[in-house]
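The next block holds one structure in the form of structure tokens; read it before the comments.
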Amino acid sequence: MIDKLIDLIADAVKDYAGEAVLPTFSVTVPAGEDHGDFSTGVAFGLAGPLKMAPHDIASEVAVRMRAHTDLIDRIEVVKPGYINFIMGRAFWHGSLRHIAERQTDYGKSDVGRGKKVLIEFVSANPTGPIHVGHGRGAVIGDVLARVMAASGYEVTREYYINDAGNQVLSLGYSVLNEYYKTNNIKPLSNTGEYRGDYVVSISGTLASMIPPAEINEQNIKRITEFSVKSVLGDETRALPNSSIKEALRSFNITFDNWFSEKKLYDDGSVAGIIEELNKRHAVKQEEGATWFLSTLYGDEKDRVLKKQAGELTYFASDIAYHVNKYKRGYNGLINIWGADHHGYLPRIRAALTALGYDADRLIVLFVQMVRLMRGDRPVAMSKRAGEYVTLKELVDEVGTDAVRFFFLQRSHESQLVFDIDLAKKQSQENPVYYVQYAHARISSIFGYALTKGWNVDAIEQRDSYVFTSQEKRLLAQCLIYPEVIRDIVAKGEPHKLTYYLVELVGILHRYYTDTRVVGDDQDTGQRLLLMNVVKIVLKNALDLLGISAPEKM
RNA sequence: GCGCCCGUAGCUCAGUGGAUAGAGCGUCGGACUUCGAAUCCGCAGGUCAUGGGUUCAAAUCCCAUCGGGCGCUCCA
């Protein structure tokens with residue numbers, strides 16, 4: 001319905017100034033009540049090209065709209081150059097009908113037009129349980145995936161497993177040494193760098209997988225593989241409750257694809273990439289190592305692909321991984337990375353460009369750090385020392401819905417302080433309950449209404465009903481929901497959805513305290529229909545956030 | 001030193017060219033014999049880090065400075 005208003009404005013602008021100067025503009029719900037039901041600032045965008053005062057332009061546009069306005073009661077041009085709209089009854093009733101008819105589809109669109117998009121996120125090294133910082137990236141990637149899927153994109157969610165190289169090998173040694181220690185065997189010189197309960201758990205189940213006689217350094221590869229599987233959750237005996245997959249599952253996050261780095265070595269992809277770069281004269285040999293000339297493509301310095309010692313770098317396999325993504329035919333690639341990987345992007349872009357791929361199709365969202373506190377005490381985070389708060393622990397303490405909501409209230413590019421004590425204390429008053437309560441409350445109203453003979457599904461909408469200003473405000477907020485979704489997709493900022501919900505729910509709760517919904521009058525039915533529409537929006541939005549919409553709480 | 005992000009209410013954070021700068025938590029004070037008080041209403045709290053500039057209009061854009069975080073590995 002808002003689209004109609006936008007079209008009307010656009011037509012008037014074209015009529016007045018021509019299509020060429022039509023700026024991108026939006027329609028907003030203004031803060032004050034005396035600024036109309038909806039408002040637009042198109043005139044500001046036209047002021048530059050037309051070299052006129054915004055207010056004069058707004059007047060001209062408004063005049064051209066007054067001709068065809070069966071949906072609009074009044075148009076006002078105000079102060080610096082706003083055009084405010086006071087909508088008519090037909091508009092409100094049409095809107096109500098529109099949302100009610102679309103139901104679970106309300107807010108969905110096809111702006112993606114079936115474009116294939118790959119979202120890679122979390123991708124934490126399988127060397128230990130995932131922690132709180134990963135959780136933040138996980139929710140951001142997950143919600144972005146949900147929102148884009150609802151907007152007509154064909155989304156694949158992928159987790160890249162770094163199961164090759166020194167890090168996982170070090171895990172293997174850590175487990176082996178733990179095994180030696182508990183069985184009083186003389187330890188090796190390579191003790192591995194990971195400590196923690198999970199290392200003990202894995203070593204405890206090692207003998208059930210590998211015959212004790214074969215548990216030694218000669219079989220470090222097998223031990224490593226077993227350890228990685230345990231950490232990931234593919235081998236459930238060792239860490240049934242704290243594996244990466246279990247932590248993500250309990251955090252309501254799923255993946256379509258778990259992509260193995262090791263596979264890229266095994267099938268020759270990594271070697272092939274170096275060969276291909278070599279063919280394109282983007283490689284040099286120096287000091288016994290093989291370098292990619294990334295400075296030719298805008299990076300600060302050249303990067304090593306193959307070390308002096310002969311082993312390939314993580315960078316080399318990462319190029320292969322990204323090339324693999326392109327080859328799988330995705331139009332859009334989105335990576336959610338920790339902000340500490342910021343300096344890594346130029347070299348990946350350089351490599352993709354050198355290999356003839358369009359690096360602009362790769363978008364990276366950098367998620368800033370999470371600093372953990374317990375009250376005023378910072379919590380030390382050291383994965384290697386086994387000293388950290390895992391995502392699973394946090395979710396068990398605070399709850400999936402609350403943690404997800406909390407992470408989604410912050411912009412991904414702001415660092416945030418997560419006070420565990422506060423989060424636990426707040427779990428009673430967490431904003432997420434504010435939102436969920438609204439949903440439960442409407443359900444409860446419906447239950448009560450039913451005892452009074454009002455069945456929401458059987459009520460007929462009466463177009464003669466005149467909405468109160470609060471009711472119009474409520475409807476207006478429901479009507480901008482699709483705009484919010486569109487905005488999130490365009491800017492990659494899923495946190496806007498929680499803010500939207502808090503605002504919507506605030507209007508609802510205020511309305512509820514001021515207005516008796518289920519009364520003795522015939523208008524009861526019309527109010528119930530409005531509640532139904534709010535409930536639809538709440539449900540749809542909470543679904544996109546991966547947060548439950550309870551009927552009771 | 002260079003690059004990226006940040007600096008907004010006591011705390012945690014929204015707002016990133018436009019109408020009186022917002023929310024949650026925290027303080028204090030009010031509202032349930034009637035649809036859910038996990039709610040609502042009110043009070044208090046701001047030189048939007050600082051200084052300059054651009055603009056009809058700046059928390060928002062540009063420059064400088066100060067402060068904080070991260071990165072600048074033949075680590076991943």
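None of the values given here were measured: they were computed from a predicted structure. Residue numbering restarts at 1 for every chain, and letters A, B, ... go by the order of the sequence lines.
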Selection: residues 514-528 of chain A, any non-hydrogen atom under 4.0 Å of RNA chain B: Thr515(A), Arg516(A), Val517(A), Val518(A)
Name all pairs fulfilling the side chain to side chain donor-acceptor pair (under 3.5 Å) condition that reach into residues 306-316 of chain A, sequence neighbours left out, sorted by first residue then second. none
May I ask you to verify if any side-chain N or O of Tyr437(A) is less than 4.0 angstrom from the OP1 or OP2 atom of rA38(B)? yes
What is the distance, to the nearest angstrom, from the CD atom on Glu287(A) to the P atom on rU73(B)? 14 Å
Residues passing the side-chain hydrogen bond (donor to acceptor under 3.5 Å, both in side chains) test with Thr468(A), sequence neighbours excluded, are Glu471(A)
Could you tell me how far rC62(B) sits from rU16(B) if I compare only their P atoms? Round to whole Å. 15 Å
Just need the stems in RNA chain B: three or more back-to-back Watson-Crick or G-U pairs, each with both distances under 3.5 angstrom, sorted by first number. B:1-7 with B:66-72, B:10-13 with B:22-25, B:28-31 with B:39-42, B:49-53 with B:61-65
When the C1' atoms of rG30(B) and rG15(B) are considered, how many whole Å apart are they? 31 Å
How far, in whole Å, is rG3(B) from rC63(B) if one measures between their P atoms? 11 Å
Is the aromatic ring of Tyr512(A) within stacking range of rC35(B), meaning centres under 5.5 angstrom and planes under 30 degrees? yes
Going by the glycosidic torsion and a 90 degree boundary from 0, is the base of rC32(B) oriented syn or anti? syn
Length of the CG-P vector between Asn335(A) and rC4(B), whole Å: 20 Å
Whole-Å distance separating the CZ atom of Arg303(A) from the P atom of rG71(B): 15 Å
Could you go through residues 51-58 of chain A and list every donor-acceptor pair under 3.5 Å that involves a side-chain atom there, pairing it with any protein atom two or more places apart or in another chain?
none

I want to check one thing: is the phosphate of rC75(B), taken as OP1 and OP2, less than 4.0 Å away from some side-chain N or O of Lys307(A)? yes
Rounded distance in Å - CE (Met373(A)) to P (rG69(B)): 13 Å
Whole-Å distance between rU39(B) P and Gln436(A) CD? 12 Å
Between rA59(B) and rU20(B), how many Å separate the two C1' atoms, rounded to a whole number? 15 Å
Would you call the rings of Tyr159(A) and Phe255(A) parallel, tilted or perpendicular, where under 30° means parallel and over 60° means perpendicular? perpendicular
Are Phe44(A) and Tyr82(A) an aromatic pair, judged by ring center distance below 6.0 Å? yes
Atom-pair distance (OH on Tyr344(A); C1' on rU73(B)), nearest Å: 12 Å
Spell out protein contact along nucleotides 11-21 of chain B as letters: B when the base is contacted, S when just the sugar-phosphate is, - when no protein heavy atom is under 4.0 Å; keep the 5' to 3' order. -BSSS--BBB-
Base, sugar-phosphate or nothing for Lys452(A)? Non-hydrogen atoms, less than 4.0 Å. nothing
What nucleic acid atoms does Tyr314(A) come within less than 4.0 Å of, heavy atoms only: base, sugar-phosphate, or nothing? base
Once salt bridge (Lys or Arg N to Asp or Glu O under 4.0 Å) is applied, do any residues pair with Glu261(A), and if so which ones, sequence neighbours excluded? none
Pairwise 5' ranking along RNA chain B for Thr313(A) and Arg441(A), keeping only the more 5' one: Arg441(A)
Within residues 498-536 of chain A or reaching into it, pairs that qualify as ring-ring contact (aromatic ring centres under 6.0 Å, His included) - sequence neighbours excluded: Tyr434(A)-His509(A), Tyr437(A)-His509(A), Tyr481(A)-Tyr500(A)
Atom-to-atom span, CD of Glu311(A) to P of rU73(B) - whole angstrom: 18 Å
N/O (side chain, Ser444(A)) to phosphate O (OP1/OP2, rG36(B)) under 4.0 Å: yes
Take atom C1' in rG24(B) and the same atom in rG45(B), then report the distance between them in whole Å. 15 Å
Rounded P spacing from rC61(B) to rC5(B) in Å: 11 Å
By side-chain hydrogen bond (donor to acceptor under 3.5 Å, both in side chains) - contacts of Arg410(A) (at least two apart): none
Residues which pass salt bridge (Lys or Arg N to Asp or Glu O under 4.0 Å) with Glu286(A), listed by chain and number, not counting sequence neighbours: Lys284(A)
Residue pair Phe85(A) / Asp37(A), side-chain heavy-atom distance below 4.5 Å: no
How are the rings of Tyr344(A) and His341(A) set relative to one another: parallel (under 30°), tilted (30 to 60°) or perpendicular (over 60°)? perpendicular
Assign each of Asn166(A) and Gly506(A) the nucleotide of RNA chain B bearing its closest heavy atom; nearer the 5' end lies the nucleotide of Gly506(A)
For rC40(B), does either OP1 or OP2 sit under 4.0 Å from a side-chain N or O belonging to Tyr434(A)? yes
Rounded to whole angstroms, how far apart are CD1 on Ile445(A) and C1' on rA37(B)? 14 Å
For the side chain of Arg510(A), counting heavy atoms from C-beta on, which of rC70(B), rA23(B), rC40(B) is nearest? rC40(B)
Expected output: side-chain Ser260(A) to main-chain Ile161(A) donor-acceptor under 3.5 Å: no
With rounding to the closest Å, how many angstrom separate the P atoms on rA9(B) and rG46(B)? 10 Å
Roughly how far apart, to the nearest Å, are rU47(B) and rU34(B) at atom P? 45 Å
Nucleotide of rG69(B), rG36(B), rA76(B) approaching Ala440(A) most closely (side-chain heavy atoms): rG36(B)
By side-chain hydrogen bond (donor to acceptor under 3.5 Å, both in side chains), which residues pair with Asp523(A), not counting sequence neighbours? Arg462(A)
Could you list the residues that satisfy salt bridge (Lys or Arg N to Asp or Glu O under 4.0 Å) with Arg527(A), not counting sequence neighbours? Asp521(A)
